[in-house]
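Accompanying notes for the structure given below.
Just so we're on the same page: letters track the sequence lines, and every chain starts at 1. None of the values given here were measured: they were computed from a predicted structure.
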4 protein chains.
Amino acid sequence: MHDIKPSSHAAKRSTSGRGGYDPELTRQNILAIATKEFAEKGYSGARVDEIAAQTNTSKRMIYYYFEDKEGLFVAVLEDAYRRIRQIEATLDLGGLEPEAAIRALVGFTFDYQNSNEDFIRLVMVENIHQGVHLARSRAIQELNVSVINTLRGIYERGVKDGIFRKGIDEIDLHMTISALCFFNVSNRATFSQIFKRDMASADMLAKRRETVIDTVIRYLKK
Amino acid sequence: MHDIKPSSHAAKRSTSGRGGYDPELTRQNILAIATKEFAEKGYSGARVDEIAAQTNTSKRMIYYYFEDKEGLFVAVLEDAYRRIRQIEATLDLGGLEPEAAIRALVGFTFDYQNSNEDFIRLVMVENIHQGVHLARSRAIQELNVSVINTLRGIYERGVKDGIFRKGIDEIDLHMTISALCFFNVSNRATFSQIFKRDMASADMLAKRRETVIDTVIRYLKK
Amino acid sequence: MHDIKPSSHAAKRSTSGRGGYDPELTRQNILAIATKEFAEKGYSGARVDEIAAQTNTSKRMIYYYFEDKEGLFVAVLEDAYRRIRQIEATLDLGGLEPEAAIRALVGFTFDYQNSNEDFIRLVMVENIHQGVHLARSRAIQELNVSVINTLRGIYERGVKDGIFRKGIDEIDLHMTISALCFFNVSNRATFSQIFKRDMASADMLAKRRETVIDTVIRYLKK
Amino acid sequence: MHDIKPSSHAAKRSTSGRGGYDPELTRQNILAIATKEFAEKGYSGARVDEIAAQTNTSKRMIYYYFEDKEGLFVAVLEDAYRRIRQIEATLDLGGLEPEAAIRALVGFTFDYQNSNEDFIRLVMVENIHQGVHLARSRAIQELNVSVINTLRGIYERGVKDGIFRKGIDEIDLHMTISALCFFNVSNRATFSQIFKRDMASADMLAKRRETVIDTVIRYLKK
DNA sequence: TATGAATGAGGTTTCATTCAT
DNA sequence: CATGAATGAAACCTCATTCAT
């Protein structure tokens with residue numbers, strides 16, 4: 001699971017022994033820094049100069065590899081989506097009972113999103129920009145959203161077992177799960193302030209995690 | 001309910017006798033345009049020049065009334081929060097049975113958020129900026145979040161009536177409602193693209209509205 | 001005739017007595033410098049920074065008045081064409097015999113082009129760019145090319161008087177005149193080098209002027 | 001006559017035995033592409049990167065063969081001048097009567113310039129740059145301008161035959177011919193737009209060709 | 001109160017050129 | 001000979017903000 005941190009590759013050296021060029025390394029290094037900056041400051045707020053300054057390379061290389069700021073942002077988005085899709089694809093909940101499987105799946109989603117704030121924030125940023133970069137990215141359009149299949153498999157087993165209600169749409173269900181997990185990270189700043197409650201504390205997180213799982217289960221069960 | 005559109009007052013002249021300028025009108029006009037711009041392009045993406053150009057007045061006035069871009073954004077946020085708090089405060093669900101009251105409350109929340117995309121987007125923008133402007137605004141800090149009291153009233157009646165479970169925290173409940181309603185608007189762009197499903201269509205909205213209400217009710221009931 | 005030098009306005013102060021703002025003055029000042037730079041170095045070779053540096057104002061103002069480098073170039077072109085068209089329009093050759101009138105017109109054209117190298121060079125630059133800026137300029141498209149009417153008037157008188165041949169097209173004639181006058185300035189650098197003859201010397205200019213006039217007259221006469 | 005197109009050799013392999021690289025071929029390939037780019041966009045407007053991209057080889061080779069951008073441009077100019085001088089040298093008009101010879105020579109010049117727009121444009125570009133590259137090129141300085149001798153020969157025959165006037169300078173005559181032919185290509189873009197007449201149409205070209213020849217003949221004849 | 005003009009700092013991007021392999 | 005990666009300087013342009021009237 002060490003693959004999911006954006007900076008994971010940047011630290012390693014490639015196979016070429018010496019300290020010379022390594023395009024992939026350079027690319028990854030830029031991407032890692034850019035991910036952080038775009039997530040922190042939004043698309044317009046992020047500065048190519050600042051990204052470059054934190055990089056092992058120069059501003060010029062950003063344009064060499066990514067064409068322009070927008071190209072860089074698209075690459076960052078692609079990278080972030082690719083990572084989560086990869087992880088989702090490796091989730092194996094086949095051995096669990098339907099209810100336990102849903103609990104595991106929702107719990108995992110909650111945890112992943114909670115510990116990958118950058119990803120959540122990039123998605124927010126992209127939504128602020130009406131999804132134009134996503135639309136432009138062929139790579140993202142082609143990513144298979146395997147979690148829907150996983151969800152369908154579990155749900156159907158649950159229905160057959162007689163513990164889940166019939167007639168629920170998987171995408172709708174996925175949306176409920178996403179909404180509950182996403183909001184906890186995305187709206188942390190405003191919600192915490194307005195309700196004077198630190199939503200990022202371990203205590204609150206644990207409680208909220210239970211509520212989310214519970215909410216989904218109650219929605220599914222007869 | 002036409003009061004909630006930010007631009008509602010901007011076109012009319014105020015009651016001030018002289019044919020001259022009306023400061024409050026000017027302020028409202030600027031706010032209305034700025035709301036649209038910040039909601040559409042984010043804080044950094046919005047341009048003071050563009051806001052001024054769409055205004056009935058000049059750029060100088062923006063600085064005169066709001067000090068700087070940040071001051072303008074804070075005012076926009078305050079205005080947006082004030083509007084929703086005002087509306088929430090007028091909600092009178094006392095005459096309804098607890099379940100019906102929750103259904104009405106959730107339905108209202110869903111509808112309000114759905115038809116006030118600008119508000120949702122401003123909240124997203126503020127979260128991208130870690131809530132710093134909210135923190136700076138005394139006005140927002142002092143706004144009473146009456147919906148929590150409303151919610152508590154209904155919930156307690158429901159518990160007393162024996163139809164709702166005990167032990168549920170109102171803020172946690174409010175968060176569930178918010179999350180489910182908010183996501184539908186905030187993540188529309190990316191979700192629609194990834195799942196090839198137009199989340200803004202009347203059909204989808206009606207279905208989703210039902211799911212959201214249903215989810216909350218099932219979470220509450222014994 | 002002091003109006004034709006691009007810098008002629010820049011030196012004077014406008015009517016507003018004090019040293020304050022004068023947009024038209026600023027515009028003219030920028031245009032004058034830009035004319036010189038574009039004429040000297042071509043479109044791509046000219047530097048906005050260098051133009052700004054020679055100006056009484058700043059680079060920012062160039063963008064304020066002319067939008068971008070291209071807008072500045074279009075304005076420069078428009079200005080240059082407007083000047084020559086204005087002068088052509090004031091030419092009054094009605095009192096002269098047809099042959100004398102043609103001699104005066106060609107002589108004037110030769111002299112004007114020779115002493116307005118900037119204009120010639122701007123036209124060269126625009127031709128290198130396939131005339132795209134000209135095409136974009138509504139102002140230039142609408143300039144009336146009065147010289148054609150002047151030419152027609154003289155030519156028709158000459159035909160009636162029996163000294164000019166019939167069947168000559170005025171635009172074709174104008175083209176001959178232009179070509180002969182233009183080349184002398186436009187190709188001075190390469191021609192002088194290749195033929196080891198200084199085409200800008202007073203002696204050469206006088207001789208060439210005679211040749212050009214003579215060539216046109218011989219072409220026209222029976 | 002297919003030799004005059006700059007790209008004619010570029011596609012073929014040279015005679016050098018091995019299957020490997022052919023320096024002369026590479027050079028020619030680069031020159032052909034560079035000619036097109038410089039002619040199309042001017043010196044500053046042309047991009048070394050774009051030239052390299054269209055080449056069969058890489059950017060490094062441009063620097064290897066031509067030192068820098070300026071060296072490349074000088075080589076392009078030299079190549080273009082060498083081609084036209086070569087062709088002029090092969091013109092054999094000895095068998096023709098003086099007037100016919102002049103007609104042939106002017107017609108040829110008109111046609112050559114018309115179908116070698118790249119050459120015309122390179123000369124324009126060089127003139128915009130005040131001929132500095134030409135001055136730097138020893139090769140061009142040493143090229144013999146045989147057309148002057150050709151012209152002198154014909155002219156003197158014409159004078160002896162009593163059909164041409166005395167006292168005409170060959171270089172001046174050459175300049176008239178050049179001006180009339182050159183302008184038709186060099187100023188096509190602006191002239192066509194201003195006079196709403198397509199100077200590149202077959203019809204216009206034919207008429208203009210006649211005018212040019214006629215103009216020169218009338219200038220020469222008694 | 002209102003406005004068009006002005007500004008400096010800094011933003012994104014491009015360019016000719018060179019390096020490492 | 002050949003190439004993809006790298007670079008620093010400088011190009012064009014934009015932004016929030018202030019000034020002069």
With a 4.0 Å cutoff (strictly under), does any side-chain N or O of [X] reach OP1 or OP2 of [N]?
{"X": "A:Tyr64", "N": "F:dA5", "answer": "yes"}
{"X": "A:Thr57", "N": "F:dA6", "answer": "no"}
{"X": "C:Tyr65", "N": "E:dA6", "answer": "yes"}
{"X": "A:Thr26", "N": "F:dA6", "answer": "yes"}

Whole-Å distance separating the [atom1] atom of [X] from the [atom2] atom of [N]:
{"X": "D:Phe66", "N": "F:dC1", "atom1": "CZ", "atom2": "P", "result": "13 Å"}
{"X": "C:Asn29", "N": "E:dA5", "atom1": "CG", "atom2": "C1'", "result": "15 Å"}
{"X": "A:Asn56", "N": "F:dA6", "atom1": "CG", "atom2": "P", "result": "11 Å"}
{"X": "C:Leu25", "N": "E:dA5", "atom1": "CG", "atom2": "P", "result": "13 Å"}
{"X": "A:Asp22", "N": "E:dT21", "atom1": "CG", "atom2": "P", "result": "11 Å"}
{"X": "D:Ile51", "N": "E:dT17", "atom1": "CD1", "atom2": "P", "result": "11 Å"}
{"X": "B:Ile30", "N": "E:dT1", "atom1": "CD1", "atom2": "P", "result": "11 Å"}

Query - Residues in ring-ring contact (aromatic ring centres under 6.0 Å, His included) contact with A:Tyr81, at least two apart in sequence or another chain - result: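 ring-ring contact (aromatic ring centres under 6.0 Å, His included) check on A:Tyr81 returns A:Phe119.
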Query raised in the report: What do you reckon, is OH of B:Tyr64 surrounded by more than 12 foreign heavy atoms closer than 6.0 Å?
Result: no
**Report entry** Contacts of D:Lys59 that satisfy salt bridge (Lys or Arg N to Asp or Glu O under 4.0 Å) - sequence neighbours left out
**Finding:** D:Asp49
Query raised in the report: Got a sec, which residues hit salt bridge (Lys or Arg N to Asp or Glu O under 4.0 Å) with B:Asp68, two or more places apart in sequence or on another chain?
Result: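 Partners of B:Asp68 under the salt bridge (Lys or Arg N to Asp or Glu O under 4.0 Å) test: none.
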Query raised in the report: Name the one of B:Asn29, B:Ile30, B:Thr35 that satisfies side-chain contact (heavy atoms from CB on, under 4.5 Å) with B:Ile33?
Result: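 Per the side-chain contact (heavy atoms from CB on, under 4.5 Å) rule, the option paired with B:Ile33 is B:Asn29, out of B:Asn29, B:Ile30, B:Thr35.
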**Report entry** Residue mapping more 5' on DNA chain E - nearest nucleotide basis, B:Met61 or D:Gly45
**Finding:**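 Nearest nucleotide further toward 5': that of B:Met61.
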Query raised in the report: Pairs counted as Watson-Crick or G-U wobble with both distances under 3.5 Å: what dot-bracket string results for DNA chain E, using | for bases tied to another strand?
Result: .||||||||||||||||||||
Counting only N and O atoms by type, is there a donor-acceptor contact under 3.5 Å from the side chain of [X] to the main-chain atoms of [Y]?
{"X": "C:Lys69", "Y": "C:Ala46", "answer": "yes"}
{"X": "A:Asp79", "Y": "A:Ala75", "answer": "no"}
{"X": "A:Arg136", "Y": "A:Val74", "answer": "no"}

Report summary line: So, with a heavy-atom separation below 4.0 Å from DNA chain E, the residues of residues 125-139 of chain B are none
Which pairs, protein N/O on one side and nucleotides 10-14 of chain E N/O on the other, fall under 3.5 Å?
unit_1, atom_1, unit_2, atom_2, d
E:dT12, OP1, A:Lys69, NZ, 3.0
E:dT12, OP2, A:Val48, N, 2.9
E:dT13, OP2, A:Tyr63, OH, 3.0
E:dT13, OP2, A:Lys69, N, 2.9
E:dT13, O4, A:Lys59, NZ, 3.0

**Report entry** Centroid-centroid under 6.0 Å between C:His133 and C:Tyr43 rings
**Finding:** yes
Query raised in the report: Side-chain donor-acceptor pair under 3.5 Å between D:Glu40 and C:Gln130, yes or no?
Result: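 Checked: D:Glu40/C:Gln130 side chains show no N/O donor-acceptor pair below 3.5 Å.
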Query raised in the report: Quick one: does B:Phe38's side chain get under 4.5 Å of B:Val125's, heavy atoms only?
Result: no
Query raised in the report: How about B:Glu126 and B:Phe73: do any of their side-chain heavy atoms sit closer than 4.5 Å?
Result: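 They are in contact (side-chain heavy atoms under 4.5 Å apart), so the answer is yes.
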